[in-house]
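One structure below.
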Amino acid sequence: PAFGLFIFTIARDPLRIIILIAGAFFWLVSLLLSSLIWFIAVKASDPQDERLQKGLLIFGVMFSVLLQEAFRFLYYKLLRKAIEGLVALSEDGCSPISIQQMAYVAGVGFGLMSGAFSMINLLADALGPGTVGIHGDSQLYFLTSAFMTMVLIFLHTFWGILFFHGCEHRRWWEIAAVVVMHLTVSGLSFCNPLYVGSLVPSYLLMAAAAAWAYLLSGGSAQNLRRFLLCKC
């Protein structure tokens with residue numbers, strides 16, 4: 001889905017491509033820092049203590065989410081400064097791209113890099129050794145992982161719109177809602193291998209975030225209904 005979003009909505013605009021690549025870089029830096037801190041914590045702890053290692057894993061996931069949202073905020077501040085520079089350089093005093101468009105492209109950048117790393121981990125597991133489900137576990141690991149990757153890509157896109165809107169209008173509860181949703185979806189991954197317990201709530205959250213982002217972007221229920229009914 002991320003490549004479809006890129007081809008149809010971003011690829012033809014050089015400025016959007018730059019914003020997307022920068023957003024992907026910000027997400028990558030946040031992952032690098034959180035991975036480094038988790039690696040140090042694991043090495044400094046007792047590897048034989050399973051309860052402690054599980055606690056460190058939960059801490060690493062939650063800390064990674066908070067760091068990603070912190071970098072999303074830093075990226076918003078950077079893009080806000082960029083808009084001011086573009087307005088100052090333009091002849092008509094208008095920015096060539098709106099903050100809503102920046103929010104969408106930045107969200108796609110975060111989602112694209114998140115999805116890429118999810119697929120890399122999935123392909124690494126596919127190399128073996130062993131066979132999925134050989135000990136009676138679910139054989140739907142790869143399928144559900146693909147669906148989870150897709151929902152995360154879309155969620156990052158919607159979260160970008162919601163987060164930037166909250167920053168732009170100083171609605172801090174919208175920012176808090178994004179953080180809570182991100183923590184919830186990441187926490188649901190600990191329900192696996194009970195995949196229904198993670199996929200169903202994640203897709204429900206995605207639907208809610210999509211509707212919310214649609215309304216904040218200027219959409220209306222009437223336009224959505226006309227689109228679903230294929231009416232011009």
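Please read all numbers here as calculations on a predicted model, not as lab measurements.
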For the hydrophobic clusters of this structure (ILVMFWY residues joined by side-chain heavy atoms under 4.5 Å, transitively), does one cluster hold both [X] and [Y]?
X    : Y    : answer
I21  : M113 : yes
F59  : F39  : no
L112 : V29  : yes
V61  : L188 : no
F25  : L74  : yes

Item checked: Contacts of type side-chain contact (heavy atoms from CB on, under 4.5 Å), residue T144, not counting sequence neighbours -> L140, Y195, L199
Heavy-atom distance under 4.5 Å between the side chains of [X] and [Y], does that happen here?
X    : Y    : result
E174 : F163 : no
V105 : I17  : no
F147 : L143 : yes
V178 : F158 : no
Q68  : L31  : no
Y76  : I99  : yes
L79  : I83  : no

What's the separation between atom [atom1] in [X] and atom [atom2] in [Y], rounded to the nearest 0.5 Å?
X    : Y    : atom1 : atom2 : value
I37  : L32  : CD1   : CG    : 10.0 Å
I19  : L78  : CD1   : CG    : 10.0 Å
L183 : M62  : CG    : CE    : 5.5 Å
D13  : Q101 : CG    : CD    : 8.0 Å
I58  : S189 : CD1   : OG    : 9.5 Å

Next item on the list: Enumerate the residue pairs fulfilling salt bridge (Lys or Arg N to Asp or Glu O under 4.0 Å) with a member in residues 73-82, sequence neighbours excluded, ordered by first and then second residue.
Entry: R80-E168
Next item on the list: Mind jotting down which residue pairs meet the salt bridge (Lys or Arg N to Asp or Glu O under 4.0 Å) criterion with at least one end in residues 55-72? Sequence neighbours excluded, please.
Entry: E69-R72
Check: In terms of heavy-atom contacts, does OH of Y203 have more than 12 from other residues, nucleotides or ligands at under 6.0 Å?
Finding: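 Enclosed.
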Note to self: Closer than 3.5 angstrom, by distance alone: can the side chain of T157 be matched with the main-chain N or O of I153 as a donor-acceptor pair?
What the structure shows: yes
Note to self: Test your reading of the model: is there a side-chain donor-acceptor pair from T149 to the backbone of S145, 3.5 Å cut-off?
What the structure shows: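 Here the side-chain-to-backbone pair exists.
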How far apart are the closest heavy atoms of [X] and [Y], and which atoms are they?
X    : Y    : result
I175 : C167 : CD1-SG, 3.5 Å
S198 : S202 : O-OG, 2.6 Å
S64  : S34  : OG-OG, 3.5 Å
L155 : A209 : CD2-CB, 4.1 Å
F71  : S30  : CD1-CB, 3.6 Å

Margin query: Ring centres under 6.0 Å, that's the criterion: do W27 and F117 meet it?
Written below: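 When the ring centroids of W27 and F117 are compared, they turn out to be within the sub-6.0 Å range.
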Notebook entry, point to check: Can you find a side-chain donor-acceptor pair between S217 and Y104 that sits under 3.5 Å?
Noted result: no
Margin query: Could you work out, with ring-ring contact (aromatic ring centres under 6.0 Å, His included) as the rule, every residue matching Y75, not counting sequence neighbours?
Written below: F26
Next item on the list: Just grab all the ring pair (Phe, Tyr, Trp, His ring centres under 6.0 Å) pairs involving residues 169-192, residues at least two apart or on different chains.
Entry: H156-H182, W159-H182, H165-H169, W173-W212
Check: Excluding sequence neighbours, so at least two apart, what forms side chain to side chain donor-acceptor pair (under 3.5 Å) with S118?
Finding: none
